[in-house]
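Comments concern the structure below.
A note on names: the letters A, B, ... follow the listed sequences, proteins ahead of strands, and every chain is numbered from 1.
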2 protein chains.
Amino acid sequence: MNTLPGDARLPRYQQLRDHMVEQIANNRWRPGEAIPTEAALASEFQMSVGTVRKAVDVLVAEGVLERQQGRGTFIRRPQFQSSLFRFFRFESANGARVVPESRILSIEPLPAPSAVAAALGLAAQTEVIRIVRLRLLGAQPVLAEEIWLARQTFQPLLEVELDRKGPLLYPIYETLCGQVVAYAEETLTAESVDAVQGRLLQLPEGSPVVVIERLARDYAGKPLEWRRSRGHAQHFRYRIDIR
Amino acid sequence: MNTLPGDARLPRYQQLRDHMVEQIANNRWRPGEAIPTEAALASEFQMSVGTVRKAVDVLVAEGVLERQQGRGTFIRRPQFQSSLFRFFRFESANGARVVPESRILSIEPLPAPSAVAAALGLAAQTEVIRIVRLRLLGAQPVLAEEIWLARQTFQPLLEVELDRKGPLLYPIYETLCGQVVAYAEETLTAESVDAVQGRLLQLPEGSPVVVIERLARDYAGKPLEWRRSRGHAQHFRYRIDIR
DNA sequence: AAGTGGTCTAGACCACACA
DNA sequence: GTGTGGTCTAGACCACTTC
């Protein structure tokens, strides 16, 4: 038995939803784990199973939870490497999808430029870490990325050989820095590549490139990472259903 | 009282959902109209209100219906002109969003090229209508569009002065041809503009443009229109939330 | 067989729209 | 006030997973 915090004017299923998000944000439940059964939650918070189901429905629709009939309901671990696949077609010679390798060109602490500080919600000049890296298929560069992180939180990254740890950063954030990326906002634009980026991507200056800016947040909504990725427009294809 | 058609092994709420989609597809209910109340549907199909609510929930999530507390549940009329706003920022001098004007450059019947026939689900060489038009803000072209329609269904378009009827085609399809666009699939790509399109858009050859291909369908899923729009990448910005 | 989520019921009361 | 959708209850039984 327990009582729900939060605004009592809200529907009870919303209060429960908010409470569960908070549990996840506070690492009470970890990604991949099962939450208590619907019956257990109903009895803990003195509500009917139907109300619990409605709260869970909301979180499933938001992509936070995942139901598995007969097994339980689990905290979903977001699959962010799929993000690039939504935008860029990276395929090996036989047509299988491939995660491009990663080559880190630089990683260094520096005072935050004002745009980065604003995006990450930091005071101007706060120390941040900038990572510049290339993503490659074989020898061919396909994406150039700039990644910005608060130094205070991500200091451990400066003390390891990142390139040894594979192309995906978010699992590293989780194991090394205890930070879980839960949501992200992405903005797509397109532009003509400049000389610097063109050299990185081995494209003639003026070639069309697609730019993806991403702000990644934890379950509590706190900004963790800001990154800007540029890729050759020729690999870019994005499909969407509208109504 | 009534019985539901369809696969009786499916959950009853799914059967009701399918039935309602069929009603809409057959123009039994028109966009903007209210569907029967939940209580009426429950008694008509001999199920509880909770089951009706679940069927309606699904259709609301799919964007087909819209609930209005205290008023009723309505067939949603899709607002497709907002599609371009999702991708391109068209603003007047004072920052307000504007629907670009339309200037039709050509409209003519011709045998379907094979790619168009495939997209529209027509036999090769079926007669189709091709519309080429520019979208402009003031004197400035911002989008160039190619639009393909089955001639048999859209013949009335050839017999009117389309430019007199405003920049939005879908309301015209509805009033003149009785066709309601319900869903669409869009594919985004980017490329360097060629000489022909560059002249239309008043851009130097090689400038980056974003290409949107759209296949629009009616409620029954039948393809109605295939179009390809090109716009200057500088106006392109698309934001998305991921999890 | 036991435990989980999935479907469904029949009712209650609340919040909002509208005449 | 009447009618609509919105919330919530307390059960029942089904389908699937796991032991």
Side-chain angles (χ1 to χ4, degrees), chain A residues 1-21 23-24 29 31-76, chain B residues 1-20 23-24 29 31-77:
Chain A
M1 244 188 283
N2 212 329
T3 62
L4 283 168
D7 191 336
R9 293 167 305 179
L10 260 42
R12 303 191 68 193
Y13 75 86
Q14 278 289 359
Q15 297 178 40
L16 177 57
R17 177 220 163 267
D18 294 348
H19 174 258
M20 288 200 282
V21 167
Q23 298 292 299
I24 300 168
W29 303 324
E33 286 180 15
I35 63 171
T37 69
E38 299 179 345
L41 288 168
S43 106
E44 177 174 3
F45 297 106
Q46 307 255 66
M47 56 179 68
S48 82
V49 177
T51 304
V52 173
R53 284 188 67 76
K54 179 124 188 181
V56 173
D57 281 345
V58 172
L59 289 171
V60 168
E62 289 174 3
V64 174
L65 297 181
E66 190 174 5
R67 284 200 167 100
Q68 295 188 35
Q69 178 169 157
R71 303 216 318 122
T73 301
F74 301 82
I75 312 286
R76 193 173 152 211
Chain B
M1 243 187 282
N2 213 329
T3 62
L4 283 170
D7 192 336
R9 292 168 305 180
L10 261 41
R12 305 191 68 193
Y13 75 88
Q14 278 289 358
Q15 296 178 41
L16 177 57
R17 176 221 165 267
D18 294 347
H19 174 258
M20 288 200 282
Q23 298 293 297
I24 300 169
W29 302 324
E33 286 180 14
I35 63 170
T37 68
E38 300 179 343
L41 289 168
S43 108
E44 177 175 3
F45 297 107
Q46 307 253 69
M47 56 179 67
S48 82
V49 177
T51 304
V52 173
R53 284 187 68 76
K54 178 125 189 182
V56 173
D57 281 345
V58 172
L59 289 171
V60 168
E62 288 175 4
V64 174
L65 297 180
E66 189 175 6
R67 284 201 168 102
Q68 294 188 34
Q69 178 167 160
R71 302 215 319 122
T73 301
F74 300 83
I75 313 286
R76 190 172 155 210
R77 189 185 302 276

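- Under a 3.5 Å cut-off, the side chain of A:Q15 and the backbone N or O of A:L10 do form a donor-acceptor pair.
- Note: CD (B:Q14) to P (C:dT7) measures 8 Å, nearest angstrom.
- A:T37 OG1 to A:E44 CD: the interatomic distance, rounded to the nearest 0.5 Å, is 10.5 Å.
- Using a 4.5 Å heavy-atom threshold, the side chains of B:L16 and B:M47 count as touching.
- Between the P atom of C:dT4 and the CZ atom of A:R53 lies a distance of 14 Å, rounded to the nearest Å.
- Listed by residue number, the members of residues 54-67 of chain A with any heavy atom below 4.0 angstrom from DNA chain C are A:R67.
- With C:dC8, D:dG5, C:dT4 as the candidates, the nucleotide lying closest to the side chain of B:P11 is C:dC8.
- Out of C:dT7, C:dC16, C:dG5, the shortest distance to the side chain of B:Q69 is found at C:dC16.
- A salt bridge links A:D57 and A:R67; the closest N-O separation between the charged side-chain nitrogens and carboxylate oxygens is under 4.0 Å.
- Applying the 4.0 Å criterion to OP1 and OP2 of D:dC8, one finds that A:Y13 has every side-chain N and O outside that range.
- Taking only side-chain nitrogens and oxygens, A:T51 comes nearer than 4.0 Å to OP1 or OP2 of D:dT9.
- Between B:R71 and D:dG5 there is no side-chain polar atom (N or O) within less than 4.0 angstrom of OP1 or OP2.
- The pairing partner recorded for C:dA19 is none, the criterion being a Watson-Crick or G-U wobble arrangement whose two distances lie under 3.5 angstrom.
- Between B:E33 and B:F74 there is no side-chain heavy-atom pair separated by less than 4.5 Å.
- Among the heavy atoms of the strands lying under 4.0 Å from A:E38 are primed sugar atoms or P, OP1, OP2 only; no base atom is included.
- Residue A:Q68 contributes atom CD, which lies 8 Å from atom P of D:dT18 at whole-angstrom precision.
- At C:dT4, none of the side-chain N or O atoms of A:T73 fall inside 4.0 Å of OP1 or OP2 (strictly under the cut-off).
- Under the 3.5 Å distance criterion, the side-chain polar atoms of B:R77 are matched with a main-chain donor or acceptor of B:P31.
- A:F74 has its CZ atom 12 Å from the C1' atom of C:dG3, to the nearest Å.
- Of the possible donor and acceptor atoms, one in the side chain of A:R12 sits under 3.5 Å from a partner among the backbone N and O of A:F45.
- Phosphate proximity of D:dT9 to A:R12: present, with a side-chain N or O under 4.0 Å from OP1 or OP2.
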